[in-house]
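Notes for the one structure printed next.
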Amino acid sequence: MKTYQVDENGYYGEFGGAYIPEILHQCVMDLQKAYLEVLNSESFKMEYAQLLRDYVGRPSPLYYAKRLSEKYGCRMYLKREDLDHTGAHKINNTVGQILLARRMGKTRIIAETGAGQHGVATATVCALMNMECIVYMGKTDVERQHINVQKMKMLGATVIPVISGNMTLKDATNEAIRDWCCHPVDTFYIIGSTVGPHPYPDMVARLQSVISKEIREQLLEKEGRDYPDTLIACVGGGSNAAGTIYHYIDDERVRLILAEAGGKGIDSGMSAATIQLGRKGIIHGARTLVMQNEDGQIEEPYSVSAGLDYPGIGPVHANLVAAKRATVLAVDDDEALEAAFELTRLEGIIPALESAHALGTLPKIKFCPDELVVLTVSGRGDKDMDAYITYFNQKYK
Ligand SMILES: *Cc1c(COP(=O)(O)O)cnc(C)c1O
């Protein structure tokens with residue numbers, strides 16, 4: 001049967017794989033060998049399920065958004081990842097990876113972070129498990145994301161500001177990989193999205209697949225059928241989207257819509273619409289679509305949402321779009337901001353700016369009146385209040 005899941009060599013169609021320095025070969029092979037055995041073991045499954053329930057607060061609600069449904073003429077449910085501990089879906093993944101790290105006998109955790117959300121989620125589980133935590137973060141981002149830096153420090157992590165390149169996410173990632181090369185034996189690298197060398201994209205997708213597992217159960221209970229007509233999620237690297245679609249990826253009854261960050265417009269030169277602007281290349285150890293110039297140098301992406309301005313995209317999503325299994329829509333800064341205010345006024349939910357990009361697709365989509373739609377609200381908007389206040393003051397004063 002045709003599948004859009006990863007193949008035995010770590011590829012999704014022509015995307016994926018593991019393009020890594022020689023020195024990491026053994027360590028990545030070890031991870032490739034260990035991850036499925038551990039994730040499928042009874043002891044892991046029990047401990048993971050217990051932490052997701054008692055620590056993360058799962059299952060997250062599947063909420064019928066009545067007023068939003070009326071506005072867009074469909075039956076719309078919101079998957080409420082904004083209610084997870086630490087405020088977004090990222091914790092589902094870090095809890096899983098730290099349990100794997102412990103089972104592999106690793107003692108030191110490293111991570112990269114852009115906006116700081118993955119850094120906080122990693123520092124959180126390191127506090128929980130009493131493990132050393134080092135987070136690489138571009139110096140520009142350290143300055144921009146002051147509160148998250150304070151949170152990581154309060155949680156006991158060491159935050160290392162990276163001063164190479166543009167001093168943003170891709171530079172932090174390069175530095176994390178460099179650290180990993182120096183400490184391949186004792187260190188576990190917790191990657192925060194469905195990116196990086198195989199097995200990371202598949203591993204992160206599996207750890208986030210609790211989202212679609214719950215959607216299945218919750219839809220069955222509420223609607224008497226276990227699949228929606230349409231799923232909608234935003235994509236930065238692609239982890240909340242991968243988790244949302246995981247159990248439906250090969251079910252052609254379900255339409256998949258991905259929202260990427262248009263920034264100031266995809267032709268403006270200030271965008272993070274990687275799927276539409278990217279070309280095939282290699283980034284962070286995987287073959288995928290990359291925003292790059294004619295010399296193959298990575299271009300700095302831009303979005304009002306710090307969680308979406310990544311110059312690559314998960315190989316699973318690159319393949320879904322190439323195979324026309326998924327539709328991708330670019331949502332510009334202003335459209336996302338507008339959508340965030342709309343959700344807030346219609347449903348009393350202030351979403352993260354990333355999630356607002358998923359909501360920003362709604363005016364662009366044609367729905368049938370009875371269409372069953374599930375849209376994942378990947379995180380809450382507390383961290384984005386400055387951007388919301390600025391927009392509000394411009395627009396309403
Ligand atoms: C990090 C983040 C994203 C983007 O990451 P994905 O891996 O694409 O899910 C989306 N929403 C929120 C709230 C985030 O913190």
Side-chain angles (χ1 to χ4, degrees), residues 60 78-94 96-97 111-122 124 137 141 145 147-148 151 169 172-173 190-196 200-212 231-246 257-261 272-275 284 286 288-289 301 303-318 320 326 328 331 336 339-340 343 349-360 375-385 387:
S60 67
L78 302 177
K79 184 60 174 159
R80 299 289 309 276
E81 296 303 302
D82 57 310
L83 297 176
D84 297 347
H85 178 45
T86 71
H89 67 291
K90 288 199 171 73
I91 191 89
N92 302 324
N93 171 48
T94 57
Q97 285 197 48
E112 85 296 332
T113 197
Q117 297 301 110
H118 174 56
V120 169
T122 304
T124 298
M137 189 169 185
D141 290 331
Q145 307 291 339
I147 296 281
N148 278 339
K151 283 187 188 172
L169 178 60
T173 305
I190 297 190
I191 294 184
S193 191
T194 42
V195 299
Y200 280 99
D202 183 50
M203 177 166 70
V204 174
R206 283 169 188 265
L207 294 171
Q208 293 290 0
S209 72
V210 63
I211 299 173
S212 68
L231 286 168
I232 306 173
C234 66
V235 277
S239 69
N240 87 86
T244 300
I245 67 180
Y246 192 86
I257 295 176
L258 308 174
E260 61 178 3
T274 310
I275 300 180
H284 304 154
T288 185
L289 297 171
S303 164
V304 66
S305 153
L308 298 183
D309 63 358
Y310 178 70
I313 174 77
V316 56
H317 308 291
L320 286 172
V328 62
V331 173
L343 183 70
I349 297 169
I350 302 180
L353 256 174
E354 293 84 359
S355 321
H357 285 73
L359 294 156
L375 182 149
T376 294
V377 180
S378 53
R380 66 179 84 124
D382 307 35
K383 68 185 177 54
D384 298 312
M385 284 315 295

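Whatever order the structure lists ligands and atoms in, that order sets their numbers, starting from 1. The basis for the numbers below is simple: all heavy atoms, side chains too, and nothing from hydrogens, waters or symmetry mates. In this text, all values refer to a predicted model and were calculated from it rather than measured experimentally.
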Within a distance under 4.0 Å of any heavy atom of [X], pick out the atoms of ligand 1 and give their elements.
{"X": "Q117", "value": "15 (O)"}
{"X": "G379", "value": "13 (C)"}
{"X": "G236", "value": "8 (O)"}
{"X": "S193", "value": "6 (P), 7 (O)"}
{"X": "G238", "value": "6 (P), 7 (O), 8 (O)"}
{"X": "V235", "value": "8 (O)"}
{"X": "A352", "value": "13 (C)"}

For [atom], which candidate among [options] holds the nearest heavy atom?
{"atom": "atom 6 (P) of ligand 1", "options": "G192, G116, S239, G314", "value": "S239"}
{"atom": "atom 11 (N) of ligand 1", "options": "S378, S355, A115", "value": "S378"}
{"atom": "atom 1 (C) of ligand 1", "options": "E260, K383, K90", "value": "K90"}

Decide whether [X] and [Y] meet the rule of one side-chain donor and one side-chain acceptor closer than 3.5 Å.
{"X": "N240", "Y": "Q208", "answer": "no"}
{"X": "T94", "Y": "T122", "answer": "no"}
{"X": "K90", "Y": "S239", "answer": "no"}
{"X": "T376", "Y": "T244", "answer": "yes"}
{"X": "N92", "Y": "E81", "answer": "yes"}

Roughly how far, to the nearest 0.5 Å, is CD1 of I313 from OG of S193? 8.0 Å
Who's the nearest protein heavy-atom neighbour of atom 10 (C) of ligand 1, and how far? E354 CB, 3.4 Å
At what distance is the nearest protein heavy atom to atom 4 (C) of ligand 1, and which residue and atom is it? G307 O, 3.5 Å
I'd like to check H118 versus I190 (side-chain heavy atoms, cut-off strictly below 4.5 Å). Are they in contact? yes
Say whether G237, considering both its backbone and side-chain N or O atoms, lies within less than 3.5 Å of an N or O atom on ligand 1. yes
I'd like to know if the side chain of K79 reaches the main chain of S60, judged simply by a donor and an acceptor atom lying under 3.5 Å from each other, with no hydrogens or angles considered. yes
Verify the neighbour count for atom CD1 of I350: are there more than 12 heavy atoms of other residues, nucleotides or ligands below 6.0 Å? no
Does H89 approach ligand 1 within less than 4.0 angstrom via side chain, backbone, both or neither, non-hydrogen atoms only? side chain
